[in-house]
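In what follows, chains carry the letters A, B, and so on, assigned in the order in which the sequence lines appear, proteins first and then strands, with residues in each chain numbered from 1.
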Amino acid sequence: MAASYQLRDKDKYKFQIIAYERAADAVEHASSELKDLWDDGKLEDVPGIGPSIAEHLGELFKTGRSKHFDSLMKDIPTDAFKLMELPGIGIKTAMKMIKEGNPKEVRGKLKEIAEKEKKGKRHLLPYAAMVAHEVMEYLSENPATVHVDPLGSLRRQASTIGDIDIAVATNDPVAVIDYFTKYPKSQKIIEKGEHTASILLPGGIQVDLMIQPIESYGSLLQHFTGSKHHNIALRELALKKGLSLSEYGIKTIKNLKIKIKNFEDEKSFYNYLGLDYIEPELREDTGEIESAKEHKLPNLVELGEVKSDLQIHSSFDIETSHDLGESSMEEIIKKANELGYEYIAFTEHNPSQKGHNDSQTVEILKRKRENIDEINYSLKNRHVGSIQKVFNSLEIDILSDGSLPVPEQGLELLDFALVSIHSNFNLEKDLMTKRVLTALTHPKVRIFAHPTARKLNEREGVELNWPEIFDFCLKNNKWIEINCDPMRLDLPDNLVREAVKLGVKMTFGTDAHHKDGMNNITFGVSVARRGWCGARDIINTRSLKDFELLLKQF
DNA sequence: GCCGTTTTCGGCCCGACTGTTTTCAGTCG
């Protein structure tokens with residue numbers, strides 16, 4: 001709709017364009033499905049959606065069409081919106097290409113877009129971090145570089161990264177920009193100016209560089225960390241105080257020519273605006289600015305507070321339904337000691353249902369129980385590392401009807417169990433919710449693991465009634481996992497935030513199938529921080545003693 | 001079209017870069 005207004009009369013509809021763009025962003029970032037909000041009559045609770053847009057959306061949900069939307073859209077071909085996915089092409093350029101351009105060229109572009117979509121546009125966190133690290137190493141080799149930092153969504157630890165953003169402090173911007181555009185792996189210079197430059201790396205990764213002198217580096221870090229919405233909200237707040245913010249510092253509106261303040265670090269920047277320092281992970285304009293004003297920001301959980309990993313797959317062969325781990329229990333315990341943990345859980349998949357009858361499954365699980373008892377006996381008698389205890393657990397498939405493929409006698413052998421969805425991902429929401437709640441009901445089941453079952457860039461999460469799931473967990477002492485595998489990062493951060501608000505507790509599980517996978521705990525911590533978690537929201541911060549007490553609660 | 005610890009009317013973030021421009025429009029973050 002914003003594009004349509006832009007085509008009609010950019011100046012006349014200036015504020016409708018802004019309003020629709022904001023509404024679209026609000027919809028994209030909303031924690032609930034829009035349709036669900038409409039069902040509950042809560043559409044206008046979404047900031048950015050007012051009476052007019054809510055009415056049009058209501059008509060759309062009710063009848064499948066909206067007269068207002070239809071009339072605005074009738075002159076714009078769908079290809080125009082496709083073309084806008086290419087960098088540098090907006091609605092005007094797209095329309096011009098379709099109307100006056102070479103049809104062959106347009107078809108070529110459309111094909112390019114379709115292929116890009118297939119590949120998935122966004123990069124997983126570890127990959128983006130690695131690429132950024134290489135570029136930063138290169139930049140730091142230049143003598144003109146004083147500081148270099150990764151910023152943007154990478155610094156905010158978003159689950160996927162679009163472009164890689166890097167900031168450099170220098171007193172010789174020309175030299176640094178020039179050097180940057182000569183990066184050996186660069187395929188193309190997208191732009192090159194006085195303060196910024198962008199290059200394209202193999203695999204379609206874009207790297208943006210921004211440069212400032214050392215004395216205003218704090219303003220640059222703040223500006224380039226974003227998010228865009230956080231910065232917009234921050235500038236609106238500043239405006240009310242008669243101030244104007246930019247990457248150069250703070251000016252007064254009365255006299256824009258006079259720069260009143262430089263900032264060498266971010267904390268002083270926020271404090272100057274009357275706000276507490278806001279951690280990068282929170283900068284998404286979802287209430288952090290209001291909280292910073294009222295000194296109510298949460299004390300975010302930190303890596304150093306984590307005392308355990310509650311989903312690990314060892315190579316101890318229990319003839320599992322899905323992939324077995326690659327490292328032995330001994331190797332995993334050694335790794336857990338390196339990480340300074342007090343306890344861990346071995347959570348291999350359940351023995352396959354296909355190859356075993358109930359008594360065979362129980363026999364296999366007895367073997368694992370005995371092995372774990374032996375390990376715990378020896379841990380008690382020789383204190384070598386931080387690890388004091390290992391728990392006998394299992395990651396159990398949730399079958400389509402919510403039942404578990406492990407007989408009661410087998411479940412009794414466990415200290416506790418995780419359950420998760422590995423099949424039949426397309427059940428309708430109410431059925432899926434019932435399926436999960438049925439599985440969670442068993443007293444041995446304590447953790448709902450990788451709860452949406454999403455795989456980033458591959459598969460959307462399942463449909464669940466989250467308020468109902470959260471409510472059940474709260475009342476029945478069940479926990480929701482934050483799966484730390486960078487492919488999953490599941491529960492997603494926006495739902496983590498909902499869980500925190502309700503007081504639902506969460507667990508970290510790396511889902512490691514090799515001892516090195518246990519390092520992924522950092523990504524889980526990032527998700528938790530983005531979801532406003534403090535240590536109290538995460539079970540893994542509990543001492544062994546407290547964790548054992550929690551296991552006894554039902 | 002949306003929104004409110006100065007406002008239910010009168011505002012609406014800020015600057016960079018490109019290309020075609022000789023003062024600006026389009027696009028982006």
Side-chain angles (χ1 to χ4, degrees), chain A residues 1-27 43-57 68-69 72 83-97 151-156 158 161-167 173 177 181 188-199 206-212 216 219-220 222-251 253 256 259 273-274 283 285 289-290 293-294:
Chain A
M1 307 315 300
S4 169
Y5 277 123
Q6 209 168 337
L7 279 177
R8 255 148 242 269
D9 189 330
K10 184 172 83 75
D11 297 317
K12 186 176 164 194
Y13 296 116
K14 191 170 170 190
F15 298 112
Q16 275 87 345
I17 294 168
I18 294 173
Y20 270 101
E21 279 175 346
R22 287 197 161 192
D25 276 322
V27 169
L43 224 40
E44 283 187 56
D45 290 358
V46 179
I49 295 183
S52 178
I53 292 180
E55 199 191 316
H56 299 317
L57 286 171
H68 178 65
F69 292 172
L72 277 177
L83 288 172
M84 283 169 70
E85 286 171 34
L86 291 173
I89 295 180
I91 187 65
K92 299 216 169 173
T93 314
M95 288 300 279
K96 206 171 169 187
M97 283 169 73
L151 300 177
S153 49
L154 189 54
R155 180 155 181 244
R156 299 197 312 278
I161 311 292
D163 299 339
I164 289 172
D165 300 314
I166 294 173
I177 296 255
T181 56
K188 189 179 160 189
I189 298 168
I190 296 168
E191 60 181 42
K192 181 179 176 183
E194 271 178 77
H195 303 99
T196 69
S198 297
I199 56 172
Q206 184 176 328
V207 185
D208 300 335
L209 178 72
M210 240 194 197
I211 303 251
Q212 281 292 305
S216 46
S219 309
L220 178 69
Q222 196 289 317
H223 173 83
F224 216 6
T225 297
S227 68
K228 184 183 164 186
H229 295 290
H230 173 82
N231 282 352
I232 289 174
L234 212 56
R235 285 178 212 134
E236 281 173 352
L237 173 85
L239 260 188
K240 288 178 189 152
K241 294 176 189 276
L243 301 170
S244 172
L245 310 183
S246 77
E247 62 266 48
Y248 302 113
I250 298 182
K251 296 181 256 193
I253 293 170
L256 286 170
K259 182 156 63 174
L273 294 171
R283 299 183 197 170
D285 189 26
I289 293 173
E290 293 75 8
K293 213 184 292 174
E294 295 161 12

Quiz prompt | Under 4.0 Å protein heavy-atom contact, by nucleotide of nucleotides 24-29 of chain B - B base, S sugar-phosphate only | solution = --SSSS
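Here, B/dC2 and B/dT7 have their C1' atoms 14 Å apart, quoted to the whole Å. Taking atom P in both B/dA16 and B/dG10, one finds a spacing of 33 Å when rounded to whole Å. Comparing the C1' positions of B/dT22 and B/dC28 gives a spacing of 24 Å, expressed to the nearest Å.
Applying the side chain to side chain contact (heavy atoms under 4.5 Å, CB included) test to A/His195 and every residue at least two apart in sequence or in another chain returns A/Gln212, A/Tyr248. A search for salt bridge (charged side-chain N to carboxylate O under 4.0 Å, His left out) contacts involving A/Lys293 returns nothing, not counting sequence neighbours. Residues passing the side-chain hydrogen bond (donor to acceptor under 3.5 Å, both in side chains) test with A/Arg156 are A/Glu284, sequence neighbours excluded.
For A/Lys240 and A/Ala23, each mapped to the nucleotide of DNA chain B holding its nearest heavy atom, the one lying further toward the 5' end belongs to A/Ala23.
In this structure, B/dT8 forms no base pair with any nucleotide, since neither Watson-Crick nor G-U wobble geometry is met with both distances under 3.5 Å.
In summary, the side chains of A/Arg155 and A/Thr225 do present a donor paired with an acceptor at a separation below 3.5 Å, with no hydrogens or angles considered.
At B/dG1, one or more side-chain N or O atoms of A/Ser52 fall inside 4.0 Å of OP1 or OP2 (strictly under the cut-off). Distances shorter than 4.0 Å separate none of the side-chain N or O atoms of A/Thr196 from OP1 or OP2 on B/dA16.
Stacking between A/Phe15 and the base of B/dC2 is absent under the criterion of ring centres within 5.5 Å and planes under 30 degrees.
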Table of protein N/O atoms under 3.5 Å from nucleotides 18-21 of chain B N/O atoms:
residue : atom : partner  : partner atom : Å
B/dT18  : OP1  : A/Lys192 : N            : 2.7
B/dT18  : OP1  : A/Lys192 : O            : 3.3
B/dT18  : OP2  : A/Lys192 : O            : 3.4

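Here salt bridge (Lys or Arg N to Asp or Glu O under 4.0 Å) pairs that include residues 11-27 of chain A, with residues two or more places apart or in two chains, are A/Arg22-A/Glu236.
Under the 3.5 Å distance criterion, the side-chain polar atoms of A/Ser216 are left unmatched by any main-chain donor or acceptor of A/Ser219.
Below 30°, between 30° and 60°, or above 60°: for A/Tyr5 and A/His68 the angle between ring planes is between 30° and 60°, a tilted geometry.
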